[in-house]
Amino acid sequence: LSPQAPGRKIKWGILGTARIAHDYVIPAIQASRNGVVAAVAGRREARVNSFAEEFSINLQFNNLGDLLDSDIDAVYIPLTNELHRDWTINAAEKGKHILCEKPLALNSKQCREMIAASRSGGVLLMEGFMYRFHPQIDALLAEISSGAIGDVKLVRSSFWFKLNDLNDFRYKKEQGGGALMDIGCYCVNVARMILHAEPSSCVAVSKMNETRDVDELTLGAMSFGTKYAYFDCGFTGPLYNSLQVIGSEGILELPEAFEFPQRPRMLCFANNSSVPQKTLEFPKANPYTLMVEHFSDCILDGRPPKYSPEDSLNNMKAIEKLKLKALFGGE
Ligand SMILES: NC(=O)c1ccc[n+]([C@@H]2O[C@H](COP(=O)([O-])OP(=O)(O)OC[C@H]3O[C@@H](n4cnc5c(N)ncnc54)[C@H](OP(=O)(O)O)[C@@H]3O)[C@@H](O)[C@H]2O)c1
């Protein structure tokens with residue numbers, strides 16, 4: 001790479017013809033100021049062809065490994081979770097920078113192996129939590145830092161959507177399925193980010209799906225010393241993804257915290273008032289584009305991303321603590 005070259009764009013390879021790649025991340029890279037989609041690979045030839053045609057991608061492969069030998073700078077890995085570890089390591093060994101989907105891996109051991117591979121390959125590795133790149137999160141963090149709600153006491157979040165397809169990988173334990181892994185990971189992530197700490201103790205209540213060995217809903221509680229976080233997540237309700245930060249002097253709320261917000265806004269409540277004191281509206285922004293632009297900038301500038309893979313490892317450790325202390329409800 002010649003980072004200083006003006007107008008230099010990162011050449012991305014897409015490792016897998018996933019829905020998330022099709023619906024969000026390929027369009028996001030194409031809309032970015034500093035990246036192009038140069039290659040795509042997948043196991044189904046017809047789907048790879050249709051991706052290449054729809055998005056005008058020059059290089060296409062029916063074998064994931066061949067993509068890693070092509071002329072690309074970075075890979076985006078939207079494979080099912082059990083494949084994240086191996087393909088991250090394979091990409092690192094080929095000197096490709098890696099944006100890997102959440103959750104980073106199946107467990108913390110795999111996260112450590114991926115971090116070690118990225119270090120020895122001299123490449124960047126970041127987990128694809130795009131919500132962190134939406135300006136509403138920067139605004140929330142700035143409001144908290146300004147002391148607007150006093151001392152933060154509690155972070156409360158929810159992430160739900162209805163998943164009816166029992167064949168989806170999210171209903172398969174061996175593929176890292178389950179609500180806690182799939183969407184609870186956002187709630188854990190945002191609590192750790194806001195509280196700048198790791199949970200000292202955790203407890204969860206989960207309901208397992210009747211026919212699949214995964215949790216279809218989980219309620220989690222985490223203690224961070226004198227601060228707390230709790231969340232609920234599940235596959236059995238309508239789409240809902242909210243965040244509240246409760247401080248000694250007020251409350252901040254993002255009604256659409258984790259999905260691509262359709263009407264991004266932050267409600268600010270003063271002490272002892274259930275009516276928002278103010279509501280900040282944000283222009284609609286694409287968090288996927290902001291995420292890939294940030295990652296491409298980091299590659300071009302030779303600097304680490306805003307969110308480290310060690311942060312992802314700590315997220316996984318918190319998820320593991322919750323799993324270890326999970327009680328099981330339901331019949
Ligand atoms: N950040 C976000 O907003 C967000 C949103 C949704 C999902 N995700 C994450 O993105 C990932 C994919 O989710 P998704 O909903 O897009 O799922 P998906 O559509 O099922 O995509 C998974 C992809 O993995 C491929 N795959 C599985 N096993 C393979 C193998 N052995 N060899 C080659 N390819 C293989 C599948 O190939 P086929 O197409 O051939 O089956 C499919 O293209 C997950 O990690 C998920 O957690 C992130």
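Counting starts at 1 for both ligands and their atoms, in listed order. Just the heavy atoms: all of them, side chains too, but no hydrogens, waters or symmetry mates, feed the values below.
Ionic pairing of Arg119 and Glu93 is not present here: no N-O contact between side-chain nitrogen and carboxylate oxygen is shorter than 4.0 angstrom. Salt bridge Arg192/Glu198: present, at least one basic N to carboxylate O contact under 4.0 Å. One finds a salt bridge joining Asp297 and Arg33 here, because a Lys/Arg side-chain nitrogen approaches an Asp/Glu carboxylate oxygen to under 4.0 Å. A salt bridge between Lys278 and Glu143 is present, with a side-chain N of the basic residue lying under 4.0 Å from a carboxylate O of the acidic one. Using a cut-off of 4.0 Å between Lys/Arg side-chain N and Asp/Glu carboxylate O, Lys96 and Asp73 are scored as not salt-bridged. We find that Glu281 and Arg263 are joined by a salt bridge, their nearest charged nitrogen and carboxylate oxygen being less than 4.0 Å apart. Between Asp182 and Lys102 there is a salt bridge, with a side-chain nitrogen of the basic residue lying less than 4.0 Å from a carboxylate oxygen of the acidic one. Ion pairing between a basic and an acidic side chain is recognised when a charged N comes within 4.0 Å of a carboxylate O; Asp215 and Lys207 show no such pairing. Salt bridge Asp311/Arg132: present, at least one basic N to carboxylate O contact under 4.0 Å.
At least one heavy atom of Arg170 sits closer than 4.0 Å to an atom of ligand 1. Within the structure, the closest approach of His22 to ligand 1 does not fall below 4.0 Å when heavy atoms are considered. Using 4.0 Å as the threshold, Tyr288 has a heavy atom nearer than that to some atom of ligand 1.
For ligand 1, the atoms sitting less than 4.0 Å from at least one non-hydrogen atom of Asn81 are 44 (C), 45 (O), 47 (O), numbered in the order shown with element in parentheses. With ligand atoms numbered from 1 in the order given, ligand 1 contributes 45 (O) to contacts under 4.0 Å with heavy atoms of His84. Atoms of ligand 1 found under 4.0 Å from any heavy atom of Thr17, numbered from 1 in the order shown, are 39 (O), 43 (O).
Counting heavy atoms closer than 4.0 Å to ligand 1, residue Tyr24 contributes nothing at all. Heavy atoms of Ala18 found under 4.0 angstrom from ligand 1 belong to the backbone as well as the side chain. Only side-chain heavy atoms of Met130 come within less than 4.0 Å of ligand 1; its backbone N, CA, C and O stay farther off. Using a 4.0 Å cut-off between heavy atoms, Phe129 makes no contact with ligand 1 at all. In Tyr186, the part holding a heavy atom less than 4.0 Å from any atom of ligand 1 is the side chain. If you look at Asp182 next to ligand 1, the close heavy atoms, those under 4.0 Å, all belong to the side chain. Proximity of Glu101 to ligand 1, defined as any heavy-atom pair under 4.0 Å, is confined to the side chain (atoms from C-beta onward).
For atom 38 (P) of ligand 1, the candidate residues are Met291, Arg19, Arg44; the nearest heavy-atom contact is made by Arg44.
One distance of note links CD of Glu127 with CG of Leu104; it measures 5.0 Å at 0.5 Å rounding.
For the pairing with Asn49, the side-chain hydrogen bond (donor to acceptor under 3.5 Å, both in side chains) check across Glu54, Gln60, Arg44 returns one residue only, Gln60.
On a distance-only criterion, Arg43 and ligand 1 share at least one N/O pair closer than 3.5 Å. Below 3.5 Å of separation, one finds an N or O of Ile20 facing an N or O of ligand 1. The N/O atoms of Ala21, backbone and side chain alike, include none that comes under 3.5 Å of an N/O atom in ligand 1. Of the polar atoms of Gly128, at least one N or O is found under 3.5 Å from an N or O of ligand 1, judged by distance alone.
The protein heavy-atom contact nearest to atom 13 (O) of ligand 1 is Phe169 CE2, 3.6 Å. Annotation: atom 12 (C) of ligand 1 to nearest protein heavy atom, Pro78 O, 3.0 Å. When only non-hydrogen protein atoms are considered, atom 28 (N) of ligand 1 lies nearest to Leu83 CD1, 3.3 Å. Protein heavy atom in closest approach to atom 47 (O) of ligand 1: Lys102 O, 2.8 Å. Annotation: atom 25 (C) of ligand 1 to nearest protein heavy atom, Leu79 CD2, 3.7 Å.
Using the six-membered ring where Trp is involved, Tyr24 and Phe260 have ring planes that are tilted, between 30° and 60° apart.
Under the 4.5 Å side-chain criterion, counting only non-hydrogen atoms from C-beta, Leu64 is not in contact with Leu68.
The ring of Phe235 has its center closer than 6.0 angstrom to the ring center of Tyr171.
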